[in-house]
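First listed ligand is number 1; within each ligand, the first listed atom is number 1.
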Amino acid sequence: MEIQVVKKVLDVNDVMAAQNRKRFADHNVFVLNVMSSPGSGKTSTLEKALDRIKDQVSCAVIVGDVCTSNDAERLSAAGVPVIQVNTDEFGGDCHLAAHVIDNAANGLDLEKIDILIVENVGNLVCPAEFDIGEDARAVVLSVTEGEDKPEKYPLMFRVCDIAIINKIDLLPYLDYDKNAAIEHIQRVHPDMPVFEVSAKTGDGIGEWAEWLKEKAASKKAAA
Ligand code: MG
Ligand code: ZN
């Protein structure tokens, strides 16, 4: 019984996600869904990347948290339009569903946006199950988490197109085995591209920002 209910919720979500995907395609907007556990540094990684590309491509962000507008305030400082979603207002969902993205997108001028980044609610479980109409998905993990996260939360790593390992500036102080982490990632998702970055020092941010720009450009070229 419970499984049927969950299936129904996901079916309804898929219909809305398909509508979102069409709407974003009609406006030539490339959408990246960024997911991670809380504290991996999604917001600061995005701040750094946006800072690099915002003068070349027009970007916007939808940021989801259960409560507070702290992340939206930080991202606004990067000088791009930001819509904050607080899931607390509708039951404290631990993920962003497609209808929430539809609603949030109403607050943006999609015609003027090339790249829309969705910073999902910090959670490695159910955000992986909710299609929001995005073009690509990224999972951020940090070197202060266990190397075996990918095998503990395999769905997340399977549905994502790239993994970003953040906080590499901390490696000298930790026992974290980065190569083991990459092995764990690729055991779950063979050949998944892995970017190694530090939002603090800016190391590696350029490479993943380039990836983002290229993906957006190839969607435009294919339209
Ligand atoms: Mg955040
Ligand atoms: Zn959830």
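- Protein-derived N/O/S atoms nearer than 2.8 Å to the Zn ion (ligand 2) total 3, waters excluded.
- Note on Leu50: it clusters hydrophobically with Phe195, by side-chain heavy-atom contacts below 4.5 Å among ILVMFWY residues.
- A salt bridge does not link Asp26 to Arg23: none of the charged side-chain nitrogens sits closer than 4.0 Å to a carboxylate oxygen.
- For His95 and Phe130, the distance between ring centers is under 6.0 angstrom.
- In terms of heavy atoms, Ile132 sits closest to Ala17 at C-CB, 4.0 Å.
- Distance alone, capped at 3.5 Å, places no donor-acceptor pair between the Lys167 side chain and the Val143 backbone.
- We find that Arg137 and Asp131 are joined by a salt bridge, their nearest charged nitrogen and carboxylate oxygen being less than 4.0 Å apart.
- Taking each heavy atom of Pro150 and Ile185 in turn, the nearest pair found is CG-CG1, 3.6 Å.
- The existence of a salt bridge linking Asp135 and Lys215 is excluded, since no basic side-chain nitrogen approaches an acidic carboxylate oxygen closer than 4.0 Å.
- With waters neither drawn nor counted, the protein N/O/S atoms under 2.8 Å from the Mg ion (ligand 1) amount to 3.
- Ion pairing between Asp109 and Lys112 holds under the 4.0 Å rule for side-chain N and carboxylate O.
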